[in-house]
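For clarity, every value in this text was computed on a predicted model and none was experimentally measured.
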Amino acid sequence: MVLARMSHAKHLASVYRLFEGPMKLLARFSLSAGFLLVGLILAFSAASFILGLFPATAGLVGPVVEMALRAVNNVANSIISYLTNLMVLLLVFLVTHVIIRTARALARALDAGLLTIPGFHREWATPTYALLRILLVLLALVVAFPYLPGGDSPVLKGASIFVGVLVSLGSGSAMGNVVAGVILTYMRPFRIGDRVKIADTVGDVVEKSLLVTRVRTIKNVEVIVPNSAVLGAHISNYSANARDQGLILN
């Protein structure tokens, strides 16, 4: 019985850790909104009281109160009508957060060797998680965009199209390097620490990223090669067979 309670408590703790970030954010937003509402009510009450003390401004209290109540009513109606969209946004955020946390845990387990998938190499875990996280965030933004405040306004649509055109025009070479980096990751032509020859550069691979590959030459010169150039160049890996079969030097 005690063991069952302990396992149940551990399960609840894991669930709490999974939703800890969103719940803290929601609680912080609720407290801030509550303090703001109380502050506005106190400020309006003080202003109405001060205006009522003087005969010249006493007649303004009624119209001011009426305008304030009308504004509060409009805001309340807008908030109530937006609750459905807000629930959709919260659901999209929670689902994306849970999937990203689960994917990160799986990537760490695969990278540490605690979990194995046939045909899936350990060095694929971290880049696959990075790509999956980017795709999930982009998908969440696409899904949540129509439910944002003013998401249907022509101004916001025009601004988003303008930003998209600028990004597409200015990131052609960068996207080419990213695609080449993804291809090189799953082709596995070399690893970190391998002695390679890429085009005319001979050295040890010290870093692989989605954009560039860093090679430290024999003379301790760091050469940064764009992944598109790496993908289009002839690659010689001197360390691939040297681990098991040795290396023959002519």
Side-chain angles (χ1 to χ4, degrees), residues 17 21 96-142 160-250:
R17 284 194 299 269
T96 306
H97 180 73
V98 170
I99 294 176
I100 290 177
R101 291 289 296 270
T102 305
R104 183 171 62 182
L106 290 175
R108 289 179 177 177
L110 289 169
D111 189 50
L114 302 176
L115 179 66
T116 57
I117 298 177
F120 191 90
H121 300 277
R122 290 175 58 179
E123 59 265 24
W124 289 353
T126 301
T128 301
Y129 164 68
L131 292 174
L132 181 62
R133 181 177 60 182
I134 294 174
L135 292 177
L136 287 174
V137 171
L138 292 177
L139 180 62
L141 290 177
V142 171
S160 62
I161 294 174
F162 179 70
V163 172
V165 170
L166 288 181
V167 171
S168 62
L169 291 178
S171 62
S173 60
M175 289 304 299
N177 289 326
V178 170
V179 173
V182 173
I183 295 174
L184 289 172
T185 297
Y186 292 99
M187 282 177 56
R188 302 173 65 231
F190 47 77
R191 302 179 185 177
I192 301 284
D194 284 357
R195 176 65 59 86
V196 298
K197 180 180 180 181
I198 302 174
D200 296 330
T201 303
V202 180
D204 300 327
V205 179
V206 295
E207 182 185 351
K208 293 192 306 179
S209 65
L210 289 178
L211 292 176
V212 297
T213 299
R214 299 179 186 269
V215 179
R216 183 179 292 117
T217 65
I218 303 173
K219 296 182 179 180
N220 200 25
V221 177
E222 187 173 287
V223 180
I224 302 174
V225 186
N227 285 332
S228 57
V230 176
L231 186 63
H234 180 74
I235 302 174
S236 299
N237 192 335
Y238 301 108
S239 302
N241 293 328
R243 299 186 185 93
D244 302 324
Q245 305 175 9
L247 178 63
I248 300 175
L249 295 177
N250 298 321

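Note on residues 223-234: pairs passing side-chain hydrogen bond (donor to acceptor under 3.5 Å, both in side chains), not counting sequence neighbours, are Asn177-Ser228, Thr213-Asn227. Screening residues 111-121 for side-chain hydrogen bond (donor to acceptor under 3.5 Å, both in side chains) gives His121-Arg188 as the qualifying pairs, with residues at least two apart or on separate chains.
Note: Leu115 CG to Leu106 CG = 6.5 Å, rounded to the nearest 0.5 Å. To the nearest 0.5 Å, atoms CD1 (Ile198) and CG (Leu231) are separated by 11.0 Å. Taken from CG in Asn237 to CZ in Arg191, the straight-line distance is 9.0 Å, to the nearest 0.5 Å.
A heavy-atom distance below 4.5 Å is found between the side chains of Lys208 and Ile192. Annotation: side chain of Leu184 is in contact with side chain of Pro189 (closest heavy-atom distance under 4.5 Å).
Every side chain to side chain donor-acceptor pair (under 3.5 Å) that Arg214 has, sequence neighbours left out, goes to Glu207, Glu222. Legend: residues meeting side chain to side chain donor-acceptor pair (under 3.5 Å) with Thr185, ordered by chain and number and at least two apart, are absent. For Ala229, the side-chain contact (heavy atoms from CB on, under 4.5 Å) partners at least two apart in sequence or on another chain are Val225, Pro226.
Residues Val205 and Phe190 come closest through the heavy atom pair CG2-CD1, 3.9 Å. Taking both residues in full, the closest heavy atoms of Ala125 and Ala107 are given as CB-O, 3.5 Å, listed atom of the first, atom of the second, then distance. Across Ser239 and Arg195, no two heavy atoms sit closer than the pair OG-N, 2.8 Å.
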Quick one: side chains of residues 128-141, donor-acceptor pairs under 3.5 Å with protein atoms, not counting sequence neighbours, listed by atom name and distance.
{"from": "Thr128", "atom 1": "OG1", "to": "Trp124", "atom 2": "O", "distance (Å)": "2.5"}
{"from": "Thr128", "atom 1": "OG1", "to": "Tyr186", "atom 2": "OH", "distance (Å)": "2.5"}

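Summarising the local packing, CZ of Arg104 is surrounded by more than 12 heavy atoms from other residues, nucleotides or ligands at distances under 6.0 Å.
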